[in-house]
Amino acid sequence: MIAPIFRQASLFPHWLPVAAARPAMSASWWQWVASTDSLTTRLTVAGGAKAFRVRLLRQTIGLPRRDEALALGIAPRRNAWLREVALCLDDTPWVVARSVAPLSQLQGKGLEGLGERSLGSWLFQQPDLVRGPLYVTRHRPRFVTEQSASLSDSVWGRRSVFQHSGLSLLVQEYFLSAMADDLGLPSR
Ligand SMILES: C=C(O[C@@H]1C=C(C(=O)O)C=C[C@H]1O)C(=O)O
C-alpha cells in the first residue's frame with residue numbers, strides 16, 4: 001500500500017534519497033530507478049528490436065539552476081556546460097536527461113563534440129568513474145516543458161553526480177509515461 005503522502009507530487013520533496021522513495025515505488029520501477037549501471041545499455045536491451053537514439057535537444061553554456069549548482073557544489077551564478085537530450089526508442093522518447101558540468105573541469109574531455117552520441121556510453125568507458133548517491137523526484141522535468149507536453153510527462157526522475165578524472169557531472173534522468181506504456185510498467 002502506498003502511503004497517502006506520496007500520492008501527490010506536491011507533497012513529495014523535490015529530491016529524496018532513492019531508498020526513502022522506495023515505499024512509493026513499484027518493484028518494476030525500482031529496477032529502473034535504483035539501477036546504477038549504464039541506462040543507455042539498459043534502454044537498448046529493453047527496447048529489443050527498436051532502435052535506440054539520443055536526440056540532442058540543447059547543448060549550451062549557461063547558468064545552472066540553483067539546486068543543480070548546490071548538487072555540484074559550485075557557485076550558482078557561474079556559467080556551466082548544459083546538455084539536454086531525449087533518449088528514444090524507434091523515435092519515441094522514453095527518457096529525457098539534463099546534464100550539468102562546471103566549465104572549468106571540461107578541458108580535454110572532448111564533451112563539446114559529443115553530439116548525438118550517448119554521454120553514458122562515454123562515461124561508463126572511463127575506468128576511474130565513481131557514481132555518487134541517487135536522488136529521486138516525482139516532479140516533472142522543467143527544462144522541457146516549453147518544448148513538448150509528452151517530453152515532460154514523467155513518472156519518476158532521478159539524479160546523481162558522476163566523478164571522473166577531476167570532472168563532476170550531474171546527470172538528471174526522467175522516465176516518461178511513453179516508456180511505461182511501451183514496456184507495460186505500472187503508473188508508479
Ligand atoms: C548516464 C548515462 O547517460 C545517458 C545519456 C545521456 C546523454 O547522452 O546526454 C544523458 C543521460 C543518460 O541517460 C547512462 O547511460 O547511464
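For this chain, numbers begin at 1 and follow the sequence in order. Order of listing sets the numbers, starting from 1, for every ligand and every atom in it.
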query = Would a 4.5 Å heavy-atom cut-off, applied to side chains only, mark Val54 and Leu87 as touching?
reply = yes

request  = Kindly say whether Gly157 contributes a backbone atom to a donor-acceptor pair with the side chain of Gln172 at under 3.5 angstrom?
outcome  =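 Flag not set: sc Gln172 to bb Gly157 has no pair under 3.5 Å.
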
inquiry  = Strictly distance-based, threshold 3.5 Å: is any side-chain N or O of Arg65 a donor or acceptor partner for the main-chain N or O of Phe143?
reply    = no

note = The residue among Trp94, Trp29, Trp156, Trp30 that forms ring-ring contact (aromatic ring centres under 6.0 Å, His included) with Phe175 is Trp29

query = When the ring planes of His14 and His139 are compared, do they come out parallel, tilted or perpendicular, using 30° and 60° as the limits?
reply =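 Ring orientation, 0 to 90° scale: parallel.
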
ask   = Going by atom types alone, do Arg140 and Ser152 pair a side-chain donor with an acceptor below 3.5 Å?
value = no

Under a 3.5 Å threshold, I'd like every N/O contact between ligand 1 and protein atoms, with atom names and distance.
unit_1   : atom_1 : unit_2 : atom_2 : d
ligand 1 : 3 (O)  : Gly120 : N      : 3.0
ligand 1 : 8 (O)  : Arg83  : NH2    : 2.9
ligand 1 : 8 (O)  : Leu119 : N      : 2.8
ligand 1 : 9 (O)  : Arg83  : NE     : 2.7
ligand 1 : 9 (O)  : Arg83  : NH2    : 3.4
ligand 1 : 13 (O) : Glu173 : OE2    : 2.7
ligand 1 : 15 (O) : Ser38  : OG     : 3.4
ligand 1 : 15 (O) : Leu39  : N      : 3.3
ligand 1 : 15 (O) : Thr40  : N      : 2.8
ligand 1 : 15 (O) : Thr40  : OG1    : 2.5
ligand 1 : 16 (O) : Leu39  : N      : 2.7

